[in-house]
Amino acid sequence: MRIATWNVNSIRARLPHVLPWLARVRPDVLCLQEIKCQDEQFPREEIEALGYAIETHGQKSYNGVALLSLLPLSDVARGMAGEPSETGARVIAGTVGDVRVVNAYVVNGQEVGHAKYALKLGWLSVLAQLLRAEVAAHPKLVLTGDFNVTFDDRDISEPEKWRDRILCSTPEREALAAVMSAGLTDVFRHFEPAGGHYTWWDFYTRGFQRGQGLRIDHFLASPAALAASRAVTIDVDARRGEKPSDHAPVLLTIE
DNA sequence: ATGGTCGCGGAGCGA
């Protein structure tokens with residue numbers, strides 16, 4: 001089975017990229033973040049025509065996540081118990097075969113010290129609690145999505161520029177580590193010790209054209225899911241072309 | 001280069 005994750009930065013704006021990509025790559029599951037629409041605005045017909053079942057957790061204008069699957073999806077859950085109301089729609093989970101898939105769009109945090117930064121750390125602590133329960137209920141679990149957190153300097157093209165800044169600060173990494181303490185492993189890093197692999201490049205600074213990116217979109221696997229994992233690949237080519245997302249899709253191959 | 005880009009929604013916010 002192949003599970004993909006992609007922050008599309010608006011599913012409606014990104015259909016010209018997402019539809020051909022789905023038709024060509026055909027992952028069994030695609031986890032979407034930042035669909036930026038309400039459930040009834042989601043372009044269902046075009047995606048269903050490719051054979052995908054769709055589960056959405058949307059909101060107006062901002063955030064929003066969805067699960068697309070060629071295989072039957074069961075036990076779909078939206079949001080998190082204890083989640084602050086102001087953070088919006090950021091989590092959707094479902095079971096595909098024997099794999100529990102949790103799709104998360106982590107709060108960005110704006111900048112270190114900002115009120116939204118405190119909200120990010122708090123939101124991650126709620127995610128850590130959710131994962132503890134989810135892993136206990138589903139031993140073969142994958143947590144994926146846009147984490148808006150790097151693990152270390154290998155995930156940053158210019159580590160000195162980003163030192164202690166948003167997406168790279170120690171408190172954020174500690175909050176992510178608390179999520180990982182449910183027993184999760186960063187599957188990409190498990191297979192690839194070398195740095196220089198990124199999943200997001202800033203529009204504002206034309207990061208992609210300048211080769212400046214961060215690795216913030218992850219696949220985190222429970223022990224049983226890690227043992228079944230075979231590869232994680234970043235589809236950098238999908239970041240090219242006309243009006244791309246600022247993120248590339250990432251794919252996990254798991255048995 | 002204290003600039004520079006996107007998307008939503010129709011001004012300013014969020015990333």
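Basis for what follows: all heavy atoms, side chains included, without hydrogens, waters or symmetry-related copies. None of these values were measured; they are calculated from a predicted model. Letters A, B, ... mirror the listed sequences (proteins, then strands); counts begin at 1.
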query: With the sugar-phosphate defined as primed atoms, P, OP1 and OP2, and the base as all remaining atoms, what B/S/- string results for nucleotides 10-15 of chain B, 5' to 3', for protein heavy atoms under 4.0 Å?
result: --BBSS
- prompt: Angle class for the A:Trp200/A:His247 ring planes (parallel below 30°, perpendicular above 60°, tilted otherwise)?
  reply: tilted
query: For A:Ile11 and B:dG7, what is the distance between atoms CD1 and C1' respectively, to the nearest whole Å?
result: 13 Å
task: Compare side-chain N and O positions of A:Lys243 against OP1 and OP2 of B:dT5 and report whether any pair is under 4.0 Å apart.
output: no
query: Any side-chain N or O of A:Arg14 less than 4.0 Å from the OP1 or OP2 oxygen of B:dG7?
result: yes
- request: To the nearest Å, give me how far apart CD (A:Glu111) and P (B:dT2) are.
  value: 17 Å
task: Scan residues 106-118 of chain A for pairs that pass salt bridge (Lys or Arg N to Asp or Glu O under 4.0 Å), counting only residues two or more places apart or in two chains.
output: none
task: Please check the phosphate of B:dT5 (OP1 and OP2 only) for any side-chain N or O of A:Arg210 closer than 4.0 Å.
output: no
task: Let me know the distance between CZ of A:Arg206 and C1' of B:dA1, rounded to the nearest Å.
output: 14 Å
- prompt: Which other residues end up in the same hydrophobic cluster as A:Val135, if Ile, Leu, Val, Met, Phe, Trp and Tyr are linked when side-chain heavy atoms come under 4.5 Å apart?
  reply: A:Met80, A:Val91, A:Val102, A:Val106, A:Val107, A:Trp123, A:Leu124, A:Val126, A:Leu127, A:Leu130, A:Leu131, A:Leu141, A:Leu143, A:Phe147, A:Val149, A:Phe151, A:Leu176, A:Val179, A:Met180, A:Leu184, A:Leu220
query: Other than A:Phe203, which residues form its hydrophobic cluster under the rule that side-chain heavy atoms must be closer than 4.5 Å?
result: none
query: Would you say A:Ser61 reaches B:dG9's phosphate, i.e. side-chain N/O to OP1/OP2 under 4.0 Å?
result: yes
message: Roughly how many Å apart are B:dG9 and B:dA15, using the P atom of each and rounding to a whole number?
response: 15 Å
message: Tell me if the CD atom of A:Gln212 is crowded by more than 12 foreign heavy atoms within 6.0 Å.
response: yes
message: Please classify the nucleic acid contact of A:Ser10 as base, sugar-phosphate, or nothing, using heavy-atom distances under 4.0 Å.
response: sugar-phosphate
message: Expressed as a whole number of angstroms, how long is the span from A:Arg165:CZ to B:dT2:C1'?
response: 12 Å
- prompt: Can you pull the salt bridge (Lys or Arg N to Asp or Glu O under 4.0 Å) pairs that have at least one residue in residues 244-255 of chain A, sequence neighbours excluded?
  reply: A:Arg230-A:Glu255
Spacing of A:Gln41 atom CD relative to B:dG7 atom P, expressed in whole Å: 16 Å
Sequence neighbours excluded, every pair satisfying ring-ring contact (aromatic ring centres under 6.0 Å, His included) that has a member inside residues 35-77 of chain A: none
- request: Using the C1' atom on both, measure B:dG10 against B:dG14 and round to a whole Å.
  value: 16 Å
- prompt: Say you pick atom P in B:dA1 and the same atom in B:dG7; how far apart are they, in whole Å?
  reply: 28 Å
